[in-house]
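Note that the structure is predicted; figures quoted are calculated from it, not measured.
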Amino acid sequence: MSAKPFQHAPDAPWIIRTYAGHSTADKSNALYRANLAKGQTGLSVAFDLPTQTGYDPDHILARGEVGKVGVPVSHMGDMRALFDQIPLDRMNTSMTINATAAWLLSLYVGLAQEQGVSPKALQGTTQNDLMKEYLSRGTYIYPPAPSMRVISDMVAWAYVETPKWNPTNICSYHLQEAGATPEQELAYALATAVAVLDAVKAGGQVPEADFTVVVSRISFFVNAGIRFVTELCKMRAFTELWDELLQQRYGITDDKARRFRYGVQVNSLGLTEQQPENNVYRILIEALAVTLSKDARCRALQLPAWNEALGLPRPWDQQWSLRMQQVLAFETDLLEYEDLFDGSHVVAAKVAQLKTQAIDELAKIDAMGGAAAAIDYMKGQLVASNAARVRGVETGGMTVIGVNRYPETEVSPLSAGEGSIETVDPRLEAEVIGRLKQWKADRNGAAVISALADLDSAAKEGRNLMPASLAAAKAGVTTGEWADALRNVFGEYRGPTGVAVVVSSGTDPDEEEVQKEVARVSAALGETLRFLVGKPGLDGHSNGAEQIATRARAVGMEVFYDGIRSTPAEIVQRAKDTRAHVIGLSILSGSHLDLVQEVVRLMRIEGMDHVPVIVGGIIPPQDAMMLKQMGVRRVYTPKDFKITPMMGDVARTALAAVEARLTPDA
């Protein structure tokens with residue numbers, strides 16, 4: 001028996017967080033302070049989509065999106081309200097922010113200085129991973145090259161000015177949400193990290209002697225799914241691959257600098273609308289995958305709420321997830337032991353397998369010229385992997401309790417009735433816009449113009465963008481103004497959809513019948529059925545829309561899908577130009593009522609109200625009723641997980657609309 005100690009005094013627990021923020025900065029501040037009082041040990045800020053994509057709340061694309069999936073932060077005044085009575089020198093703050101990360105960090109640093117806190121004392125993380133935004137989450141603004149320049153500027157600035165801050169948090173979380181297999185998650189995340197470090201080296205702002213320090217501030221944010229053993233082994237593979245990559249590619253000899261430092265939110269993709277109480281067990285099992293193995297234990301953990309597939313969680317729902325972490329950290333003896341899996345031949349073999357697969361995939365990306373050059377390839381692979389996952393759920397090859405197996409259930413008292421989810425008061429958007437107008441009226445206009453001019457010059461001249469961004473934050477510049485200044489220099493980007501790469505994702509017993517149905521409808525129409533799939537607003541979660549477009553094409557429809565971030569007017573014009581027989585709108589941000597209402601209104605103006613509209617998203621039953629009252633023909637939610645029969649619905653809906661138009665008195 002080994003004489004190596006196996007038990008010790010409890011290790012310090014990971015940072016315990018809850019991903020939170022909605023409505024307004026004031027309301028989010030109250031939520032943060034309440035969570036901290038309950039024992040949360042760090043903050044994880046969720047920003048709304050206009051803030052994430054660089055728009056002020058009064059922009060046309062922000063309509064219906066303000067405060068829905070996070071907190072709106074438009075200027076320093078909002079940042080003050082968000083962190084009111086929260087001492088920044090004693091807080092560890094994680095910001096899930098990417099395209100506007102440099103701006104939000106500037107606001108945070110500026111606020112700290114107002115509080116008398118040295119930026120060198122600030123602890124926390126900005127996600128700041130644009131590669132995964134192109135591949136999965138969609139909140140990018142600029143093309144890859146200038147985006148990497150902004151990230152590089154942040155890294156080079158932060159290791160000196162905010163040395164305890166992690167300026168970039170390589171995020172594989174959303175890759176798994178987009179369908180990534182474990183080896184893809186490993187490879188694509190590491191490829192992104194390589195792209196960042198190579199950009200920092202090429203930027204020439206960091207002396208070679210300081211490169212190890214920069215490496216030590218690179219962190220990761222990962223996902224943990226329900227396949228517990230695989231996920232645990234994936235994390236051990238991550239730690240080994242990162243260590244090897246830093247030694248072999250960059251010559252980092254400092255063991256501490258090579259540590260794989262990561263935070264986690266466990267999988268939200270697997271949370272089900274059906275029998276949502278089962279999600280509690282899923283969340284706990286997934287949390288164990290990133291806490292049981294000491295050698296691969298997370299540094300920070302945030303757990304989703306059990307009812308996120310239904311809508312915005314309430315404070316009580318978030319508390320339940322918080323208490324789950326606290327029971328695991330403080331009631332069990334987990335933190336008293338050395339790694340439980342050292343010496344396991346099963347774990348060692350699975351880790352080795354994952355590493356080999358990831359290294360092979362990483363080599364393919366390297367051969368293409370690195371992550372930025374391989375965006376189209378990686379996107380196509382993710383769409384294909386997600387298609388395989390969806391097929392598995394549909395056919396029963398992948399068991400999901402309460403969905404495709406054991407669907408019988410009692411009515412849950414937890415999710416019944418009014419008040420079962422949090423709702424955002426639609427009047428708050430006008431309030432936020434009003435505050436923005438007042439902010440602009442009260443600020444020093446000359447100082448704003450000067451700050452924006454310096455930001456423009458810095459972007460054009462290749463100067464580090466952080467000093468100019470910090471000065472702009474202090475001058476009263478808004479989020480939209482900061483982002484627009486860089487748009488004017490860098491331009492904007494539309495990412496690949498990946499749907500052209502995947503024609504069909506496998507054999508579906510229903511697919512042949514639906515293909516016949518589509519053919520019958522097309523014959524009746526006298527032309528191939530045309531289906532427009534649209535993503536109105538700022539919602540960048542395109543996985544569902546991609547799968548719908550892919551399957552529609554597989555059953556014989558002519559599909560038009562232009563990707564994310566369209567205005568209602570652009571969607572209606574696109575429908576008019578393509579002479580679409582059916583319009584399908586995918587909205588996962590909670591802004592479905594506002595956006596659909598505007599699409600329907602514009603269709604009436606254009607004389608297109610005969611074209612049926614269908615909608616999919618996380619839509620509560622009462623909202624589904626309202627959408628149907630607007631004229632929406634079909635509403636689909638996560639419980640409608642079989643896509644092929646849905647395509648049959650689309651075909652029949654198109655035919656019924658044409659027949660109704662031809663026989664209006666019938």
- request: Step by step, work out the side-chain contact (heavy atoms from CB on, under 4.5 Å) result for I283 and L271.
  value: CA-CA 8 Å; I283 292 166; L271 302 184; 4.0 Å; yes

message: Looking at E511 and K516, is there a salt bridge between them, counting it only when a charged N and a carboxylate O are closer than 4.0 Å?
response: no

field: Q176 side chain to N267 side chain, donor-acceptor N/O pair below 3.5 angstrom
entry: yes

message: Are the side chains of I614 and V635 in contact, using a 4.5 Å heavy-atom criterion?
response: no

- prompt: With a 4.5 Å heavy-atom cut-off, do N404 and V393 have their side chains touching?
  reply: yes

field: Any side-chain donor near an acceptor of the partner, T53 and R565, under 3.5 Å
entry: no

Donor-acceptor under 3.5 Å (D539 side chain, L588 main chain): yes

task: Start with the C-alpha distance between R574 and S566, add both sets of side-chain angles, then the distance that settles side chain to side chain donor-acceptor pair (under 3.5 Å), and finish with yes or no.
output: CA-CA 10 Å; R574 182 69 162 140; S566 297; over 6 Å; no

Sidechain-backbone polar pair: D510 side chain, P645 backbone, donor-acceptor under 3.5 Å: no

field: Heavy-atom donor-acceptor pair, K132 side chain to C171 backbone, under 3.5 Å
entry: no

task: For N223 and Q265, run side chain to side chain donor-acceptor pair (under 3.5 Å): C-alpha distance rounded to whole Å, both residues' side-chain angles, the deciding distance at 0.1 Å, then the answer.
output: CA-CA 6 Å; N223 203 327; Q265 173 158 318; over 6 Å; no

statement: residues 360-369 vs salt bridge (charged side-chain N to carboxylate O under 4.0 Å, His left out), sequence neighbours excluded, gives R249-D366, E361-K364

query: Do D649 and R652 sit within salt-bridge range, that is, some charged N less than 4.0 Å from a carboxylate O?
result: yes

task: Among E185, R137, H541, E133, find the one that has a side chain to side chain donor-acceptor pair (under 3.5 Å) with H174.
output: R137

field: Side-chain (Q52) to main-chain (F47) donor-acceptor, under 3.5 angstrom
entry: yes

query: Is the closest side-chain heavy-atom distance between V613 and M603 below 4.5 Å?
result: yes

message: Please check this pair: side chain of R391 against backbone of G397, looking for a donor-acceptor N/O pair closer than 3.5 Å.
response: no

task: Flag the pair K68 and D48 as a salt bridge only when some basic side-chain nitrogen lies within less than 4.0 angstrom of an acidic carboxylate oxygen.
output: no

field: Check: Q184/S385 side-chain N/O donor and acceptor closer than 3.5 Å
entry: yes

- prompt: So, R63 versus S591: side-chain donor-acceptor pair below 3.5 Å or not?
  reply: no

message: With a sphere of 6.0 Å drawn around CE of M625, does it hold more than 12 non-hydrogen atoms of other residues, nucleotides or ligands?
response: no

Any donor-acceptor N or O pair under 3.5 Å, side chains Q127, N169: no

Partners passing ring-ring contact (aromatic ring centres under 6.0 Å, His included) against Y493 (at least two apart in sequence or in another chain): Y134, Y140

field: Residue from D317, N279, N278 passing side chain to side chain donor-acceptor pair (under 3.5 Å) with W306
entry: D317

- request: Answer yes or no: is there a side-chain heavy-atom contact under 4.5 Å between I571 and L585?
  value: yes

message: Given 3.5 Å as the limit, does a donor-acceptor pair link the side chain of E273 with the main chain of K639, or not?
response: yes

- prompt: Going by heavy atoms in the side chains, are W320 and V280 under 4.5 Å from each other?
  reply: yes

- prompt: Taking C-beta and beyond as the side chain, do F560 and F531 meet within less than 4.5 Å on heavy atoms?
  reply: no

- prompt: Heavy-atom count around F228 CZ within 6.0 Å, excluding the residue itself: above 12?
  reply: yes

query: Are R553 and E558 ion-paired here, with the side-chain N under 4.0 Å from a carboxylate O?
result: no

Distance-only polar pair, side chains of Q573 and D577, donor-acceptor under 3.5 Å: yes

task: Assess whether atom NZ of K642 is packed by more than 12 heavy atoms of other residues, nucleotides or ligands within 6.0 Å.
output: no

message: Taking salt bridge (charged side-chain N to carboxylate O under 4.0 Å, His left out) as the definition, give me every residue that meets it alongside E65, ordered by chain and number, with sequence neighbours left out.
response: none

- prompt: Can you check whether H22's main-chain N or O pairs, donor with acceptor, with E422's side chain at less than 3.5 Å?
  reply: no

Side-chain ion pair, E570 and K535, N-O less than 4.0 Å: no

- prompt: If we only count heavy atoms from C-beta on, is the I618 to T637 side-chain gap below 4.5 Å?
  reply: no

message: Are there over 12 heavy-atom neighbours, none belonging to I60, within less than 6.0 Å of that residue's CD1?
response: no

task: Output yes when a side-chain donor or acceptor of E177 lies under 3.5 Å from a complementary backbone atom of L269, and no otherwise.
output: yes

message: Testing the basics here: between I619 and H592, what is the closest heavy-atom pair and its distance to 0.1 Å?
response: CG1-ND1, 3.9 Å

query: Do R282 and V400 come close enough that some side-chain heavy atom pair is under 4.5 Å?
result: yes

